[in-house]
Amino acid sequence: MSHAVILIVGFPGSGKSTIARAIASSLGATYLDKDTICNSLTGLLLEQNGEAPNARDNSALYKEKIMPLEYQTLFKVANDTLSSSSCVVIDAPFISFFDDPDYIDKQRAFFRSSVVDLHVVEVTASIEVTKKRLIQRGEKRDIWKLNHWDEFSQQILNQRCCWKNINKFSFDNSSPEANTVALISQIKQHILTQDTK
(Lines give C-alpha, C1' and ligand atoms only; values in the text may rest on other atoms or scores of the structure.)
Protein backbone atom coordinates (compact mmCIF):
# COMPACT_ATOMS: atom_id res chain seq x y z
CA MET A 1 0.00 0.00 0.00
CA SER A 2 1.29 3.46 -0.88
CA HIS A 3 1.50 6.37 1.53
CA ALA A 4 0.33 9.92 0.89
CA VAL A 5 1.85 13.19 2.04
CA ILE A 6 -0.30 16.26 1.39
CA LEU A 7 1.32 19.69 1.62
CA ILE A 8 -1.10 22.55 2.34
CA VAL A 9 0.76 25.64 1.21
CA GLY A 10 0.07 29.34 0.79
CA PHE A 11 0.56 32.80 2.18
CA PRO A 12 -0.25 33.71 5.78
CA GLY A 13 -3.86 34.81 5.98
CA SER A 14 -5.02 32.53 3.18
CA GLY A 15 -6.76 30.27 5.70
CA LYS A 16 -4.62 27.25 4.86
CA SER A 17 -4.60 25.92 8.44
CA THR A 18 -8.40 25.67 8.46
CA ILE A 19 -8.27 23.80 5.16
CA ALA A 20 -5.41 21.57 6.34
CA ARG A 21 -7.27 20.53 9.49
CA ALA A 22 -10.44 19.80 7.52
CA ILE A 23 -8.53 17.61 5.06
CA ALA A 24 -6.65 15.77 7.81
CA SER A 25 -9.85 15.13 9.74
CA SER A 26 -11.73 13.86 6.70
CA LEU A 27 -8.91 11.55 5.61
CA GLY A 28 -8.02 10.33 9.10
CA ALA A 29 -4.54 11.67 8.43
CA THR A 30 -1.83 12.79 10.85
CA TYR A 31 -1.73 16.60 10.95
CA LEU A 32 1.67 18.33 11.19
CA ASP A 33 1.71 22.09 11.72
CA LYS A 34 5.00 23.94 11.21
CA ASP A 35 4.14 26.56 13.81
CA THR A 36 3.41 23.97 16.49
CA ILE A 37 6.52 21.92 15.73
CA CYS A 38 9.02 24.72 15.19
CA ASN A 39 7.96 28.10 16.60
CA SER A 40 9.15 27.76 20.20
CA LEU A 41 12.61 26.58 19.20
CA THR A 42 12.82 29.10 16.35
CA GLY A 43 11.97 31.95 18.73
CA LEU A 44 14.65 30.80 21.18
CA LEU A 45 17.29 30.55 18.45
CA LEU A 46 16.49 34.06 17.26
CA GLU A 47 16.63 35.47 20.80
CA GLN A 48 19.94 33.72 21.47
CA ASN A 49 21.29 35.58 18.44
CA GLY A 50 20.02 38.99 19.50
CA GLU A 51 16.86 39.10 17.38
CA ALA A 52 13.18 39.31 18.25
CA PRO A 53 11.59 35.87 18.70
CA ASN A 54 8.92 36.73 16.12
CA ALA A 55 11.39 37.95 13.47
CA ARG A 56 10.73 36.25 10.15
CA ASP A 57 10.36 38.43 7.05
CA ASN A 58 13.13 40.88 8.01
CA SER A 59 15.63 38.37 9.44
CA ALA A 60 18.49 37.08 7.30
CA LEU A 61 19.37 34.59 10.05
CA TYR A 62 15.88 33.13 9.92
CA LYS A 63 15.64 32.99 6.13
CA GLU A 64 19.12 31.64 5.47
CA LYS A 65 19.77 29.35 8.44
CA ILE A 66 16.72 28.57 10.56
CA MET A 67 13.91 28.29 8.01
CA PRO A 68 15.57 25.56 5.91
CA LEU A 69 16.00 23.52 9.12
CA GLU A 70 12.32 23.99 9.96
CA TYR A 71 11.25 22.46 6.67
CA GLN A 72 13.81 19.66 6.85
CA THR A 73 12.41 18.83 10.29
CA LEU A 74 8.87 18.73 8.92
CA PHE A 75 9.80 16.24 6.21
CA LYS A 76 11.76 14.08 8.67
CA VAL A 77 8.83 14.01 11.09
CA ALA A 78 6.47 13.17 8.21
CA ASN A 79 8.73 10.29 7.19
CA ASP A 80 8.79 8.89 10.74
CA THR A 81 5.01 9.29 11.00
CA LEU A 82 4.43 7.23 7.85
CA SER A 83 5.53 4.13 9.76
CA SER A 84 2.25 4.29 11.69
CA SER A 85 0.01 6.37 9.45
CA SER A 86 -0.81 5.99 5.76
CA CYS A 87 -1.45 9.70 5.24
CA VAL A 88 0.20 12.86 6.58
CA VAL A 89 -0.96 16.45 6.08
CA ILE A 90 1.74 19.13 6.43
CA ASP A 91 0.52 22.67 7.12
CA ALA A 92 3.21 25.25 6.26
CA PRO A 93 3.60 28.26 3.93
CA PHE A 94 6.48 26.91 1.77
CA ILE A 95 6.37 30.22 -0.15
CA SER A 96 10.14 30.75 -0.05
CA PHE A 97 10.47 27.60 -2.14
CA PHE A 98 7.68 28.28 -4.65
CA ASP A 99 10.07 29.46 -7.38
CA ASP A 100 12.15 26.27 -7.41
CA PRO A 101 10.52 23.82 -9.86
CA ASP A 102 12.69 20.96 -8.54
CA TYR A 103 11.98 21.57 -4.85
CA ILE A 104 9.78 18.50 -4.38
CA ASP A 105 12.22 16.19 -6.15
CA LYS A 106 14.92 17.35 -3.73
CA GLN A 107 12.72 16.53 -0.73
CA ARG A 108 11.90 12.97 -1.79
CA ALA A 109 15.21 11.84 -0.29
CA PHE A 110 13.71 12.33 3.18
CA PHE A 111 11.31 9.43 2.67
CA ARG A 112 12.59 5.93 3.29
CA SER A 113 9.77 4.38 1.29
CA SER A 114 9.84 4.85 -2.47
CA VAL A 115 6.05 4.46 -2.51
CA VAL A 116 5.06 7.90 -1.24
CA ASP A 117 2.57 9.92 -3.25
CA LEU A 118 3.10 13.64 -2.77
CA HIS A 119 0.24 16.08 -3.24
CA VAL A 120 0.06 19.85 -2.82
CA VAL A 121 -2.93 22.07 -2.17
CA GLU A 122 -2.11 25.72 -2.86
CA VAL A 123 -4.55 27.81 -0.84
CA THR A 124 -5.12 31.40 -1.95
CA ALA A 125 -7.35 34.28 -0.89
CA SER A 126 -8.00 37.78 -2.17
CA ILE A 127 -5.72 40.59 -1.02
CA GLU A 128 -8.54 42.20 0.95
CA VAL A 129 -9.50 38.98 2.75
CA THR A 130 -5.86 38.12 3.49
CA LYS A 131 -5.23 41.51 5.12
CA LYS A 132 -8.43 41.27 7.17
CA ARG A 133 -7.46 37.82 8.46
CA LEU A 134 -3.94 38.93 9.40
CA ILE A 135 -5.33 41.87 11.36
CA GLN A 136 -7.92 39.69 13.10
CA ARG A 137 -5.48 37.01 14.24
CA GLY A 138 -3.13 39.61 15.77
CA GLU A 139 0.11 37.61 15.55
CA LYS A 140 3.33 39.52 16.28
CA ARG A 141 5.07 37.83 13.35
CA ASP A 142 2.54 39.51 11.02
CA ILE A 143 3.45 43.06 12.05
CA TRP A 144 6.14 43.39 9.37
CA LYS A 145 3.72 42.18 6.68
CA LEU A 146 1.05 44.71 7.66
CA ASN A 147 3.58 47.56 8.01
CA HIS A 148 4.96 46.74 4.54
CA TRP A 149 1.64 45.86 2.97
CA ASP A 150 2.37 47.13 -0.54
CA GLU A 151 5.46 44.95 -0.77
CA PHE A 152 3.84 41.92 0.82
CA SER A 153 0.63 42.14 -1.23
CA GLN A 154 2.66 42.30 -4.45
CA GLN A 155 4.41 39.11 -3.41
CA ILE A 156 1.01 37.47 -2.90
CA LEU A 157 -0.14 38.56 -6.35
CA ASN A 158 3.03 37.57 -8.18
CA GLN A 159 4.28 34.39 -6.51
CA ARG A 160 2.76 30.99 -7.25
CA CYS A 161 3.90 27.45 -6.59
CA CYS A 162 5.70 26.14 -9.70
CA TRP A 163 6.79 22.71 -8.43
CA LYS A 164 7.14 19.83 -10.86
CA ASN A 165 6.35 16.14 -10.37
CA ILE A 166 3.63 16.55 -7.76
CA ASN A 167 -0.15 16.23 -7.84
CA LYS A 168 -1.40 19.79 -7.44
CA PHE A 169 -4.74 21.24 -6.38
CA SER A 170 -5.56 24.95 -6.26
CA PHE A 171 -8.14 26.29 -3.82
CA ASP A 172 -9.50 29.84 -3.57
CA ASN A 173 -10.40 30.32 0.09
CA SER A 174 -11.57 33.92 -0.16
CA SER A 175 -15.21 33.16 0.63
CA PRO A 176 -16.58 31.72 3.89
CA GLU A 177 -18.66 29.47 1.61
CA ALA A 178 -15.60 28.05 -0.19
CA ASN A 179 -16.38 24.44 -1.10
CA THR A 180 -13.97 22.38 0.97
CA VAL A 181 -16.19 19.31 0.55
CA ALA A 182 -15.53 19.24 -3.20
CA LEU A 183 -11.80 19.77 -2.65
CA ILE A 184 -11.58 16.91 -0.16
CA SER A 185 -13.54 14.66 -2.52
CA GLN A 186 -11.08 15.40 -5.33
CA ILE A 187 -8.10 14.63 -3.09
CA LYS A 188 -9.64 11.37 -1.87
CA GLN A 189 -10.37 10.28 -5.43
CA HIS A 190 -6.84 11.07 -6.54
CA ILE A 191 -5.31 9.15 -3.62
CA LEU A 192 -7.51 6.15 -4.36
CA THR A 193 -6.56 6.30 -8.03
CA GLN A 194 -2.87 6.38 -7.18
CA ASP A 195 -3.30 3.49 -4.75
CA THR A 196 -4.76 1.22 -7.44
CA LYS A 197 -1.91 1.78 -9.90
Side-chain angles (χ1 to χ4, degrees), residues 1-42 67-98 100 102-125 133 137 139 160-197:
M1 179 180 177
S2 64
H3 294 81
V5 175
I6 306 170
L7 310 179
I8 313 300
V9 308
F11 281 86
S14 63
K16 65 182 175 299
S17 293
T18 301
I19 303 303
R21 292 188 187 98
I23 292 171
S25 176
S26 180
L27 297 178
T30 299
Y31 171 71
L32 302 179
D33 174 39
K34 183 176 86 71
D35 288 346
T36 301
I37 293 172
C38 300
N39 265 6
S40 295
L41 183 56
T42 293
M67 184 180 67
L69 292 175
E70 289 182 331
Y71 284 92
Q72 288 175 27
T73 299
L74 277 175
F75 279 111
K76 288 178 179 178
V77 172
N79 177 65
D80 288 345
T81 303
L82 288 175
S83 64
S84 59
S85 176
S86 62
C87 185
V88 174
V89 171
I90 297 178
D91 174 7
F94 282 95
I95 52 180
S96 295
F97 310 106
F98 275 9
D100 181 359
D102 301 315
Y103 177 74
I104 288 300
D105 287 335
K106 296 171 185 174
Q107 309 316 307
R108 290 185 190 275
F110 284 106
F111 298 106
R112 287 189 291 267
S113 172
S114 59
V115 191
V116 176
D117 295 321
L118 292 171
H119 311 264
V120 61
V121 179
E122 183 177 5
V123 181
T124 59
R133 287 173 179 164
R137 74 183 191 179
E139 295 282 352
R160 287 291 177 266
C161 181
C162 66
W163 298 339
K164 300 186 301 184
N165 301 322
I166 190 168
N167 308 307
K168 184 178 178 183
F169 303 87
S170 297
F171 186 73
D172 184 346
N173 195 32
S174 300
S175 170
E177 288 78 39
N179 194 352
T180 55
V181 174
L183 171 66
I184 293 168
S185 178
Q186 291 174 33
I187 294 170
K188 282 183 177 179
Q189 186 59 44
H190 205 284
I191 290 175
L192 287 172
T193 301
Q194 294 295 108
D195 210 30
T196 57
K197 287 184 178 179

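For Lys188, there are no salt bridge (Lys or Arg N to Asp or Glu O under 4.0 Å) partners, not counting sequence neighbours. With sequence neighbours excluded, the residues satisfying side-chain contact (heavy atoms from CB on, under 4.5 Å) with Cys87 are Ala4, Ile6, Leu27, Ala29. Qualifying side-chain contact (heavy atoms from CB on, under 4.5 Å) partners for Ser40, counting only residues two or more places apart in sequence or in other chains: none. In this structure Asp35 satisfies the side chain to side chain donor-acceptor pair (under 3.5 Å) test together with Arg141, sequence neighbours excluded. By the salt bridge (Lys or Arg N to Asp or Glu O under 4.0 Å) test, Lys76 pairs with no residue at all, sequence neighbours left out. Remark: Ser17 engages Asp91 in a side chain to side chain donor-acceptor pair (under 3.5 Å) (not counting sequence neighbours). With sequence neighbours left out, Asp172 forms a salt bridge (Lys or Arg N to Asp or Glu O under 4.0 Å) with no residue at all. In terms of the ring pair (Phe, Tyr, Trp, His ring centres under 6.0 Å) criterion, Tyr31 has no residue partners (sequence neighbours excluded). Take Thr124 and apply the side chain to side chain donor-acceptor pair (under 3.5 Å) test, not counting sequence neighbours, and it matches no residue. For Phe171, there are no ring pair (Phe, Tyr, Trp, His ring centres under 6.0 Å) partners, not counting sequence neighbours. In this structure, Ser170 has no side chain to side chain donor-acceptor pair (under 3.5 Å) partners at least two apart in sequence or on a different chain.
Taking CD1 of Ile37 as the start and OH of Tyr71 as the end, the distance is 11.5 Å to the nearest 0.5 Å. Distance CD1/Ile90 to CG/Leu74: 5.5 Å, rounded to 0.5 Å. From Phe11, atom CZ reaches atom CD1 of Ile95 across 4.5 Å, with rounding to the nearest 0.5 Å.
The main-chain N or O of Thr81 is never found under 3.5 Å from a side-chain atom of Ser85 such that the two would form a donor-acceptor pair. A donor-acceptor contact shorter than 3.5 Å links the side chain of Trp163 to the backbone of Phe97. In this structure a side-chain-to-backbone donor-acceptor pair under 3.5 Å is present from Ser83 to Asp80. Asn173 contributes no side-chain N or O that, together with a main-chain N or O of Ala125, makes up a donor-acceptor pair within less than 3.5 Å.
Within the structure, the salt bridge (Lys or Arg N to Asp or Glu O under 4.0 Å) test picks out no pair touching residues 19-29 (sequence neighbours left out).
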